Number of protein chains: 2
Amino acid sequence: MPKSKICIRKMCFSVETVKRLSLYLRDLRKLAKKKIELISSNKITQLLNISPAQFRKDLSYFGEFGKRGVGYEVKKLIKKLEEILGINKEWRIAVVGVGRLGSALLRFEGFSKFNIKIKTAFDISKKKVGKVINGIKIEDVRNLERVIKKEKIKLSLICTPPQVAQDITNRLVRAGIRGILNFAPVALKAPNNVFISNVDMACELERLIFLLNNER
Amino acid sequence: MPKSKICIRKMCFSVETVKRLSLYLRDLRKLAKKKIELISSNKITQLLNISPAQFRKDLSYFGEFGKRGVGYEVKKLIKKLEEILGINKEWRIAVVGVGRLGSALLRFEGFSKFNIKIKTAFDISKKKVGKVINGIKIEDVRNLERVIKKEKIKLSLICTPPQVAQDITNRLVRAGIRGILNFAPVALKAPNNVFISNVDMACELERLIFLLNNER
DNA sequence: TACACTTTGTGAAAATAGGAACAAATGCCA
DNA sequence: TGGCATTTGTTCCTATTTTCACAAAGTGTA
């Protein structure tokens, strides 16, 4: 499988670049909080374990944001990154599966920083349907297609058991979803124009165990 | 920063290889459940969006596990992968921070598949300390070092607010922890001999938003 | 203005990862 | 047994990613 590449402005870069942009943005926000106005590529990458050249090259795909001999204006760069990432406008998302993880996510306040608003949630259990968590009403999963279409939601989190995740994916795609963040431990299939990203605790833990187990 | 590499048996491979091993293992277990005894590199990678050559190369770092003209014995390969990953023996871990995510993890049954046992949990809140969730007693975070050392725990999950995650990391390292799975949205610093892995919802979501925002 | 310092942006080089392709090994069937 | 069909393990080549290194551009000072 070829690594996915992204091409805009006649240049191509990898998804890794995009992930790093998020990291930069997070650190820049911290700096802004500390009232730091100017930062060099050297300083900002010291904390992140990324090389300064990488930082500069990542940004270079999108334009010139620094001033030679000076560095980068923190506030300005934050604005630019928010623009590049697309989080300068609100994104409404759905959560499918209101188990322990799903309900933790419904209550998670951190999303608003990225202009993400959980608009609706779905579950199959009679007990949960109709309940309201953190202002979000839990809908019957049978109405998934209808609600997603009506609300024109384009992004969804999947927090269901792995056995039903693929079925949910198919239904989400049919309903017009274009991006899925999958927490279920299963590799999902979807058309090429639907982006899937996996949060996989198992893999990460196993990686750590492998490393501890294979030292020296 | 150079990409981290792992070298054993005179060969070097990337952490990506290790992550893929986890994916292979997961699929092999599914096949075993379906009573499938033999599988080819072609078949198993079809589901995973990985090339057969990649699969074979990943395995080749650790030995020869297939039979030419035939394929791989599912059960045998599962055993081998468990051995390679180090999950053939029990790993006891700690969870620091019993908020919504932390308590969801304490109740998560999926760990046992990887021979992972949450041995202890820590929190700062008086309300939570002493409570037992899913058989796991919540300890006062002030006793972190003592308990970790006494129980000889080597792996920990961090589910605290980001502001305290670095301080917790420092204390865990002092107590002898060798691997950390970090859920807090912050880049943690630790000595080179301590492995850190991040589960970063924010980055993943931002990546999806970027992709949706930059189509065509 | 001249000169010494910084720091960016970027083309070129180095390092890394991925994939095609094929010899070697195995099974099957006539 | 011989020939054909599979499929692995591995080499070599290609593509991608990261880093190096330096010109260009800006600041500060005398």
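Letters A, B, ... are given to chains in the order of the sequence lines, protein chains preceding strands, and every chain is numbered from 1. Note that the structure is predicted; figures quoted are calculated from it, not measured.
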Query raised in the report: Which part of the nucleic acid, if any, lies within reach of A:S41 when heavy atoms closer than 4.0 Å are counted: base, sugar-phosphate only, or nothing?
Result: sugar-phosphate
Using nucleotides 28-30 of chain D, report all nitrogen or oxygen pairs with the protein that are shorter than 3.5 Å.
none

Query raised in the report: With a 4.5 Å limit on heavy-atom distance, are the side chains of B:F108 and A:L101 in contact?
Result: no
Report task. Would you jot down, in residue-number order, the residues of residues 65-81 of chain B having a non-hydrogen atom under 4.0 Å from DNA chain C? Result -> B:K67, B:R68, B:G69, B:V70
Query raised in the report: Looking at B:I168, B:D123, B:V98, which one forms a side chain to side chain contact (heavy atoms under 4.5 Å, CB included) with B:V141?
Result: B:I168
Query raised in the report: Any side-chain heavy-atom pair from A:C203 and A:E206 closer than 4.5 angstrom?
Result: no
Requested in this report: Using atom CG of A:N42 as one end and atom C1' of C:dG9 as the other, report the distance to the nearest whole Å.
Outcome: 14 Å
Query raised in the report: Any side-chain heavy atom of B:L81 within less than 4.5 Å of one from B:I87?
Result: no
Query raised in the report: Rounded to the nearest Å, what distance is computed from the CZ atom of residue B:F62 to the P atom of nucleotide D:dT10?
Result: 13 Å
Query raised in the report: With a 3.5 Å cut-off and just heavy-atom distances, do the side chain of B:K5 and the base of C:dT16 make a donor-acceptor pair?
Result: no
Query raised in the report: Will you find, in the side chains of B:Q166 and B:N170, an N or O donor that is under 3.5 Å from an N or O acceptor?
Result: yes
Report summary line: Between OH of A:Y61 and P of D:dT17 the distance, given in whole Å, is 8 Å
Query raised in the report: Picking from C:dT10, D:dT7, C:dG18, which would you name as closest to the side chain of B:S40?
Result: D:dT7
Report task. Would you mind reporting whether B:T169 and B:N182 have side-chain heavy atoms less than 4.5 Å apart? Result -> no
Query raised in the report: When you check the phosphate oxygens OP1 and OP2 of C:dG19, does a side-chain N or O of B:S51 lie under 4.0 Å from one of them?
Result: yes
Report task. Tell me which nucleotide among C:dT8, D:dC12, C:dC22 gets nearest to the side chain of A:R56. Result -> C:dT8
Requested in this report: For B:Q54 and D:dC12, give me the distance from atom CD to atom P, rounded to whole Å.
Outcome: 19 Å
Report summary line: B:S14 has its side chain closest, among D:dT17, C:dA17, C:dA12, to C:dA17
Requested in this report: Side-chain contact test, heavy atoms from C-beta onward, threshold under 4.5 Å: evaluate it for A:L205 versus B:F111 and give yes or no.
Outcome: yes
Report task. Check the distance between D:dT8's P and B:I44's CD1 and give it to me in whole angstrom. Result -> 10 Å
**Report entry** 4.5 Å side-chain heavy-atom contact, B:I158 and B:V95
**Finding:** no
Requested in this report: To the nearest Å, give me how far apart CG (B:D58) and C1' (D:dT10) are.
Outcome: 14 Å
**Report entry** A:E82: which of A:R29, A:K89, A:R26 passes salt bridge (charged side-chain N to carboxylate O under 4.0 Å, His left out)
**Finding:** A:R29
